[in-house]
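Below: one structure, written as structure tokens.
Remember, it's a predicted structure, so these values are computed and weren't measured experimentally. All ligand and atom numbering here is 1-based and tracks the order in the structure. Numbering starts at 1 and runs along the sequence shown.
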Amino acid sequence: MIPSAKPMLGDEERLAVSEVLESGHIAQGERTARFEEEWARLTGVNHAVAVSSGTAALCLSLIAHGIGPGDEVITTPFSFIASANSILFAGAKPLFADIDPATFNIDPEAIEDLVTPRTKALLPVHLYGHPADMEAILAIADKHGLAVIEDCCQAVGASIGGRPVGSFGTGCFSLYATKNITAGEGGMITTSDESIASACRMLRHHGMREPYRHEILGYNFRMTDIAAAIGLAQLSKLQRLTEARRANAAYLTERIVNDRVITPVEHGGFRHVYHQYTVRIGGDRDAAVQKLLGAGIGVGIFYKLPIHLQPCYAKLGIGASAPHAEAAAKEVLSLPVHPGLSSADLATIVREVNQL
Ligand SMILES: *Cc1c(COP(=O)(O)O)cnc(C)c1O
């Protein structure tokens, strides 16, 4: 079976973890601080704050921006559920703007229609690794005085005109095992705003700046130095791993010639990092999935139900007019694109997809 995702772990990670274990200091410490410095440099911002997951990064960013009960945050209905859940965790209400059917990312024109006096922030997602249209999104945010939280959980290394995602607004990254780089679990918040960074640092550690003085209600969303050690080793490979994903994607796009299949777009000036290589497939998708799985290809459907139609959201009665998201949910299919694919794997994927 060709797996749908594969963490690229080796001797560097093994050695880095042993060093932490031998040091006896396994909780958040010096390695986490170094990981934050390197992440901030990579993203082109002044501060990075390491946390325990991408979900924690999103949640703390919203709270640090002062978002809470009575506020509305506009996001996309076509993402992993954590994007919208973080808004609920902060006590605010998510509103769902439809997507651009070409990139699957939030459509800036659909955002404008949803802005009300209660709107406090925009939360775009760089889905599958293709950056959202940040120029248009920042223009809307400026016009209405809104905060921008970028969900970069699938997009480490992606950029627009050379400017990294996570530097346009407050960036939130995930280091979950299947993401482009991993720490097992983990997250990172990026910002050049000192007050947001300092609020996030307090929020992840029970509202403390000095020991046992709790200035605000905080959480335990810290990263361990074990995770940071893995993350640092992964970060040193990011460029290479991303180039491998992009080369695999280019190979697939060049050779998939089945008329039923629409391959992913990469808009000019946008650097796609192919967390997923997601095609649209016409006709019977379920049969195609079964056929590909039967041929040993680990395909995935991200996501089969838009967030506003998920049972736990339908109950809230938020609703959305999102025909493009609903259509995408019925047609998308993600093929393996990770750096662990061999040339034989890639050839198998092309052959099987062309025979659908
Ligand atoms: C993975 C992911 C998250 C959540 O990250 P975790 O580290 O799993 O909490 C949020 N948003 C998107 C788009 C993701 O893909």
Side-chain angles (χ1 to χ4, degrees), residues 4-5 7 32 35 39 48-63 73-90 94 96-97 99 103-106 121-132 134 137 148-158 165-166 168-190 200 203-204 219-224 227-228 230-231 234-235 245 272-278 300-308 310 312-313 325 328-329 332 334 337-338:
S4 62
T32 304
F35 191 25
W39 198 284
V49 181
V51 291
S52 51
S53 70
T55 308
L58 287 162
C59 188
L60 295 193
S61 295
L62 288 161
I63 297 170
V73 178
I74 300 172
T75 190
T76 169
F78 197 56
S79 181
F80 181 52
I81 192 96
S83 309
N85 280 0
S86 63
I87 299 167
L88 293 178
F89 295 152
F96 298 108
I99 59 167
T103 61
F104 304 101
N105 282 324
I106 195 166
L122 306 179
L123 197 159
V125 178
H126 307 299
L127 197 73
Y128 306 143
H130 189 296
M134 292 312 296
I137 290 166
V148 176
I149 318 283
E150 297 174 70
D151 182 336
C152 309
C153 289
Q154 300 187 359
V156 61
V165 300
F168 295 90
T170 299
C172 299
F173 295 84
S174 169
L175 290 148
Y176 180 64
T178 61
K179 302 294 157 104
N180 287 22
I181 55 172
T182 182
E185 294 273 7
M188 201 61 92
I189 300 164
T190 54
C200 289
L203 285 163
R204 78 174 160 187
Y219 304 82
N220 170 5
F221 286 161
R222 296 179 303 261
M223 178 177 280
T224 68
I230 300 172
Q234 289 269 291
L235 203 54
R245 281 181 184 271
H272 193 330
V273 295
Y274 294 98
H275 172 60
Q276 297 295 349
Y277 183 90
T278 302
I301 306 295
F302 309 106
Y303 297 89
K304 62 180 181 183
L305 209 52
I307 297 174
H308 62 286
Q310 294 287 350
C312 62
Y313 276 79
V332 290
S334 299
V337 72
H338 56 80

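- Between H272 and Y274, the angle of the ring planes stays under 30°, which puts this pair in the parallel group of the 30/60° scheme.
- Considering both main-chain and side-chain atoms, F80 never comes within under 3.5 Å of ligand 1 through any nitrogen or oxygen pair.
- Considering each of A56, C153, G186, A183, the one bringing a non-hydrogen atom nearest atom 3 (C) of ligand 1 is C153.
- For S86, there are no side chain to side chain donor-acceptor pair (under 3.5 Å) partners at least two apart in sequence or on another chain.
- In the vicinity of V125, heavy-atom distances shorter than 4.0 Å reach the ligand 1 atoms 13 (C).
- Residue-level proximity to ligand 1 for S53 is carried by backbone and side chain together, each with a heavy atom below 4.0 angstrom.
- Checked against a 3.5 angstrom limit, the closest N/O atoms of S79 and ligand 1 fall outside it.
- For ligand 1, the atoms sitting less than 4.0 Å from at least one non-hydrogen atom of G54 are 5 (O), 6 (P), 7 (O), 9 (O), numbered in the order shown with element in parentheses.
- At under 3.5 Å, not a single nitrogen or oxygen of E185, backbone or side chain, sits near a nitrogen or oxygen of ligand 1.
- The N/O atoms of K179, backbone and side chain alike, include one that comes under 3.5 Å of an N/O atom in ligand 1.
- Looking at T182, its side chain never comes within 3.5 Å of a backbone N or O of K179 through a donor-acceptor pair.
- Not a single heavy atom of G187 lies less than 4.0 angstrom from ligand 1.
- Listed by atom number, the atoms of ligand 1 under 4.0 Å from S83 heavy atoms are 11 (N), 13 (C).
- Residue Y176 qualifies as open at atom OH: its count of foreign heavy atoms under 6.0 Å is 12 or below.
- Ring orientation note: the planes of F78 and F104 are tilted relative to one another, at an angle of 30° to 60°.
- Where the criterion is an N or O separation shorter than 3.5 Å, residue side chain and backbone included, Y176 fails it with respect to ligand 1.
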